[in-house]
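Below, all heavy atoms of this structure are taken into account, side chains as well, without hydrogens, waters or symmetry copies. Throughout, residue positions are numbered sequentially from 1 according to the sequence presented. Just so we're clear, the structure is a prediction, and the values are computed from it rather than from any experiment.
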Amino acid sequence: MTAAVALPLLIFFVLKADQRLFAVFIGLLSLLGLREFFRMSLPNRGAENLPAALIGGLFTIGFLPVFQSLILPVGVGLVILCCLVALFRFGEIRAAVGDVSLRLFGFLYVPLLLGQMIMLRNEPHGVAWIFLLLVIVMCGDTGAYYVGSTLGRRKLYPVVSPNKSVEGSIGGLAGSLVGALIASQTFFPELTIADCCGTALLLGPLGQLGDLFESLLKRSCGVKDSGTIIPGHGGILDRLDSILFAAPAAWWYAHYLF
């Protein structure tokens with residue numbers, strides 16, 4: 001899957017898929033992202049990684065309204081299941097705590113956060129909200145890249161991401177704001193100027209923090225990219241890192257403030 005194919009595919013599912021089919025698509029992304037996370041963090045647990053990723057993908061689909069009452073009991077069941085797997089299938093006993101912690105964190109990091117896109121899609125103007133989220137994040141990435149590459153002088157967080165600069169981060173915020181304003185004048189006319197500023201200044205920084213956090217994970221695991229599913233662009237997590245942090249905030253804003 002190349003980036004040129006992935007983006008039109010995402011646009012197709014946002015525009016044309018009903019709630020359930022969109023949830024299945026997000027569940028598939030969650031499965032792939034969770035599999036990449038387990039490959040990075042638990043490379044010696046290959047036999048268990050795919051079943052765990054499948055469970056995570058199914059858990060994401062539970063964010064559909066018809067299944068939301070099951071989220072809490074299923075989540076409790078996942079915690080117990082991870083503990084039992086660690087109890088009966090550990091390799092080195094000193095690594096058991098780390099293994100179960102990483103497994104549980106993977107479920108929190110990918111399916112729990114990505115599942116917010118399903119809830120966002122089910123809000124009034126849900127399709128427009130999904131596109132607004134993508135536009136804010138993508139315009140932020142673009143602004144950060146061009147401003148950082150031309151004007152960047154001061155390092156933002158060199159231990160985690162040596163190429164990012166303070167100037168690029170500010171450019172990213174400006175790009176997110178421009179993206180929100182463009183959205184209000186094109187496909188989302190219901191947005192006010194205050195909404196544009198609020199969503200851009202909320203989702204833009206969270207998108208940047210999500211990108212930085214995934215860089216931290218990769219450095220901690222000693223890998224350059226989370227995967228190779230998108231040639232030349234890394235893995236699914238490399239494409240979703242900004243969205244993972246921004247999607248929950250987009251749903252909160254749409255549901256409680258809009």
Side-chain angles (χ1 to χ4, degrees), residues 1-11 14 29 32-33 36-37 40 109-110 113-114 117 129-188 191 196-250 253:
M1 182 189 298
T2 65
V5 174
L7 183 58
L9 187 62
L10 177 59
I11 292 173
V14 174
L29 292 180
L32 295 173
E36 288 180 355
F37 174 79
M40 288 193 302
Y109 178 54
V110 183
L113 297 183
L114 197 59
M117 291 190 71
W129 274 109
I130 293 289
F131 278 119
L132 176 66
L133 167 64
L134 297 177
V135 166
I136 286 175
V137 168
M138 293 169 64
C139 287
D141 286 345
T142 302
Y145 174 76
Y146 283 107
V147 173
S149 60
T150 56
L151 302 176
R153 296 294 182 270
R154 290 169 291 180
K155 297 297 183 181
L156 179 65
Y157 202 169
V159 175
V160 171
S161 186
N163 294 326
K164 287 183 171 57
S165 65
V166 174
E167 293 81 2
S169 179
I170 296 172
L173 290 179
S176 293
L177 181 57
V178 169
L181 291 170
I182 291 173
S184 70
Q185 299 301 312
T186 53
F187 61 85
F188 205 166
L191 288 178
C196 292
C197 294
T199 54
L201 296 179
L202 177 64
L203 306 186
L206 284 172
Q208 293 187 33
L209 290 171
D211 187 11
L212 280 172
F213 181 73
E214 202 241 351
S215 296
L216 173 66
L217 290 180
K218 290 188 293 187
R219 285 189 172 273
S220 178
C221 295
V223 299
K224 181 178 182 295
D225 295 314
S226 65
T228 58
I229 194 170
I230 306 176
H233 295 271
I236 290 293
L237 281 182
D238 293 319
R239 300 298 94 200
L240 295 178
D241 51 8
S242 300
I243 293 174
L244 287 174
F245 277 23
Y253 191 100

Who pairs with Lys164 by salt bridge (Lys or Arg N to Asp or Glu O under 4.0 Å), at least two apart in sequence or on another chain?
->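 Listed in chain order: Asp211.
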Can you list the residues that meet the salt bridge (Lys or Arg N to Asp or Glu O under 4.0 Å) rule with Arg154, with sequence neighbours excluded?
->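 Once residues adjacent in sequence are excluded, the partners of Arg154 under the salt bridge (Lys or Arg N to Asp or Glu O under 4.0 Å) criterion are Glu167.
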How many angstroms lie between [atom1] in [X] and [atom2] in [Y], if you round to the nearest 0.5 Å?
| X | Y | atom1 | atom2 | answer |
| --- | --- | --- | --- | --- |
| Leu181 | Thr199 | CG | OG1 | 8.5 Å |
| Cys221 | Phe37 | SG | CZ | 6.5 Å |
| Leu177 | Ile182 | CG | CD1 | 10.0 Å |

Sequence neighbours excluded, every pair satisfying salt bridge (charged side-chain N to carboxylate O under 4.0 Å, His left out) that has a member inside residues 198-210 |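 Sorted pair list comes back empty.
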Atom pairs and distances, donor-acceptor, side-chain atoms in residues 131-149, under 3.5 Å, two or more places apart:
unit_1: Thr142; atom_1: OG1; unit_2: Met138; atom_2: O; d: 2.9
unit_1: Ser149; atom_1: OG; unit_2: Tyr145; atom_2: O; d: 2.9
unit_1: Ser149; atom_1: OG; unit_2: Tyr146; atom_2: O; d: 3.1

Please step through side chain to side chain contact (heavy atoms under 4.5 Å, CB included) for the pair Arg219 and Val159, ending with a clear verdict.
-> CA-CA 9 Å; Arg219 285 189 172 273; Val159 175; over 6 Å; no
Residues in side-chain contact (heavy atoms from CB on, under 4.5 Å) with [X], at least two apart?
| X | value |
| --- | --- |
| Leu113 | Tyr109, Leu244, Phe245, Pro248 |
| Val160 | Tyr157, Leu212, Ser215, Leu216 |
| Leu201 | none |

Nearest heavy-atom neighbours spanning [X] and [Y]:
| X | Y | value |
| --- | --- | --- |
| Gly235 | Asp238 | N-OD2, 2.8 Å |
| Leu202 | Pro205 | O-CD, 3.6 Å |
| Gly204 | Leu173 | C-CD2, 4.2 Å |
| Gly207 | Ser242 | O-OG, 3.2 Å |
| Leu203 | Ala249 | CD2-CB, 3.7 Å |

Any donor and acceptor pair, going by atom type alone, linking the side chain of Glu36 with main-chain N or O of Leu237 inside 3.5 Å?
->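 Judged by distance alone, yes, a pair lies under 3.5 Å.
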Pairs where residues 169-187 contributes a residue and the test side chain to side chain donor-acceptor pair (under 3.5 Å) is met, not counting sequence neighbours |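 For residues 169-187, and leaving out neighbouring residues, the side chain to side chain donor-acceptor pair (under 3.5 Å) pairs sorted by first residue read Ser169-Gln208.
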Close side-chain approach of Glu214 and Leu240, heavy atoms under 4.5 Å |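 No, side chains not in contact.
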Could you check if a side-chain atom of Ser226 sits within less than 4.5 angstrom of a side-chain atom of Ile236, using non-hydrogen atoms only?
->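 The answer is no; the side chains never approach within 4.5 Å.
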Going by the ring pair (Phe, Tyr, Trp, His ring centres under 6.0 Å) test, which pairs reach into residues 165-188, not counting sequence neighbours?
->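 The answer is His125-Phe188, Trp129-Phe188, Phe188-Phe258.
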